[in-house]
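Heads up, the thing below is written out as structure tokens.
Numbering of residues begins at 1 and proceeds along the displayed sequence. Just so it is clear, the values below take in all heavy atoms, side chains as well, and ignore hydrogens, waters and symmetry mates.
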Amino acid sequence: MTISADIEGGADAAFSTSSTPFGEGVADLYQALLVPILFEPYASEMANVAQRLKPVSVLEVAAGTGALTRALRARLDPAAEIVATDLSQAMIDVGAPSLTLSRTHWMHADAQNLPFAHAMFDLVICQFGVMFFPDKPKAYGEAKRVLRSGGRFLFSTWDSLATNDFARCVDECLRRLFPSDPPDFLERLPYSYFDPGAIKAQVSSAGFEAVSCDRVTLTSVAATADHVAAAFCKGSPLRGEIEGRAPERMSEIVDEVAEQVASRYGASPCGDMSAFIVAGRVR
């Protein structure tokens, strides 16, 4: 597959004018703290599923700093070509230097307006990105468009806050600290898309067959409670919501969240996390 020859309108055609909350400072902390705590365990699970499909051309959307990209590169046949895309250039700038092997490409692209020709890939994969798509059916339609006949669409989405220990603890602590105007990023976006029936219906409506939605529960481990607090409060878009309310209190808030995490889950925290892995096939 020759990537450049098959891009419709060039890479710039995919650039969205929408702003992204994963800016430069957030992206660095996201990679350093949030990736090992939340994303690497599920990246391993997703890569195992992908490996069984034996793809030779893979498009990853909302790749972030490349947690899943690195897992795929380690599991898949070295001849498999991987194109990792994200809407945030800051995330790509952090992730791309960590994976420069041949047949691995990084691009700035919008999952709702992919810059690729029809039927280019045999796997489109996305880890914890679909929750952020303003128009999920459009993104699912784009995934179908760029898949070959028999191709697979595979993505993960978080289960509810109630089933994810660290995220729930952070959210509850922030609601106590800001009772009149709590930062609601976690509930509003990453932990908002967890109804299996609705998810399957949307993916099926985009034209996918044999759609499955399987709950996968894993354990999240952090070196310290401070790492959990900083990961969520400074390494995610929660940072902007906290700074917008009390910029001078960030250190104090991180300390208070860390104390709450430690009181519930210990000085070296260990908690449950739950997500769904969704799969569909193109006829």
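- No salt bridge links Glu187 with Arg168; every basic N to acidic carboxylate O contact stays at or beyond 4.0 Å.
- The one candidate from Val26, Ile242, Val254 that meets the side-chain contact (heavy atoms from CB on, under 4.5 Å) condition with Lys234 is Val254.
- Looking at His227, its side chain never comes within 3.5 Å of a backbone N or O of Ala222 through a donor-acceptor pair.
- In this structure, Asp86 contributes its side chain and Ala63 its backbone to a donor-acceptor pair below 3.5 Å.
- Side chain of Thr163 to main chain of Ser160: a donor-acceptor pair is present (N/O by atom type, distance under 3.5 Å, no hydrogens or angles).
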Checklist line | Residues Glu259, Arg264; criterion salt bridge (charged side-chain N to carboxylate O under 4.0 Å, His left out); working and verdict | finding: CA-CA 9 Å; Glu259 287 180 11; Arg264 292 192 192 184; over 6 Å; no

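- Of the possible polar contacts, none joining the Trp158 side chain to the Met273 backbone as a donor-acceptor pair under 3.5 Å is found.
- For the atom pair CG (Asp272) and OG (Ser220), the distance works out to 9.5 Å, reported to the nearest 0.5 Å.
- Side chains of His108 and Leu87 form a contact here, defined as non-hydrogen atoms less than 4.5 Å apart.
- In this structure, the side chains of Val49 and Leu154 come closer than 4.5 Å at one or more pairs of heavy atoms.
- For the 3.5 Å distance criterion, the side chains of Thr69 and Glu60 qualify, holding a donor opposite an acceptor.
- For the residue pair Cys126 and Ala62, the shortest heavy atom distance occurs at SG-CB, 3.9 Å.
- Ser149 and Arg283 form no side-chain donor-acceptor contact under 3.5 Å, judged by distance and modelled atom types alone.
- Annotation: cation-pi pair Arg249/Phe178 present, NZ/CZ under 6.0 Å from the ring centroid and within 45° of its normal.
- Taking the six-membered ring for Trp and the full ring otherwise, the centers of Tyr30 and Phe232 sit at least 6.0 Å from each other.
- Checked against the 6.0 Å centroid criterion, the rings of Tyr42 and Phe128 qualify as a close aromatic pair.
- Not one N or O on the side chain of Ser44 forms a donor-acceptor pair closer than 3.5 Å with the backbone of Pro41.
- For the pair Phe153/Val282, no side-chain contact is recorded, criterion being any heavy-atom separation below 4.5 Å from C-beta on.
- Outside the 6.0 Å centre-distance limit, the rings of Phe276 and Phe194 are not counted as a close aromatic pair.
- Between Thr65 and Met91, the closest heavy-atom pair is CG2-O, 3.6 Å.
- Residue Asp184 comes nearest to Glu241 through the heavy atom pair N-OE1, 3.0 Å, listed as atom of the first residue, atom of the second, then distance.
- Between Asp159 and Arg215 there is a salt bridge, since a side-chain N of the basic residue sits under 4.0 Å from a carboxylate O of the acidic one.
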Residue pair Arg152, Asp122: steps toward the salt bridge (charged side-chain N to carboxylate O under 4.0 Å, His left out) verdict: CA-CA 6 Å; Arg152 305 298 183 99; Asp122 49 32; over 6 Å; no

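- Inter-residue side-chain proximity for His105 and Ile82 is flagged as unmet; no heavy-atom pair is nearer than 4.5 Å.
- Using a 4.0 Å cut-off between charged side-chain N and carboxylate O, Lys138 and Glu142 make no salt bridge.
- Distance check: Asp135 CG to Asn113 CG gives 11.5 Å after rounding to the nearest 0.5 Å.
- The closest donor-acceptor contact from the side chain of Gln51 to the backbone of Arg75 lies under 3.5 Å.
- For Arg281 against Ala210, the heavy-atom pair with the smallest separation is NH1-CB, 3.8 Å.
- Inter-residue side-chain proximity for Arg176 and Gln260 is flagged as met; some heavy-atom pair is nearer than 4.5 Å.
- Formation of a donor-acceptor pair under 3.5 Å by the Arg148 side chain with backbone atoms of Met120 is found in this model.
- Taking all atoms of both residues into account, the shortest heavy-atom contact from Ser102 to Arg73 is O-NH1, 3.7 Å.
- Counting heavy atoms from C-beta outward, Tyr193 and Asp195 have side chains that stay 4.5 Å or more apart.
- Counting heavy atoms from C-beta outward, Thr157 and Ile277 have side chains that stay 4.5 Å or more apart.
- Checked by atom type and distance alone, the side chain of Ser205 pairs as donor or acceptor with a backbone atom of Ala201 at under 3.5 Å.
- With Gln127 contributing its side chain and Phe155 its backbone, the two residues share no donor-acceptor pair below 3.5 Å.
- Centroid-to-centroid, the aromatic rings of Phe166 and Tyr265 come within less than 6.0 Å.
- For the pair Ala43 and Ala67, the tightest heavy-atom approach, listed with the atom from each and the gap, is CB-O, 3.6 Å.
- The shortest distance between side-chain heavy atoms of Ile92 and Gln89 falls below 4.5 Å.
- No donor-acceptor distance shorter than 3.5 angstrom exists from the side chain of Asn164 to the backbone of Ala167, with no hydrogens or angles considered.
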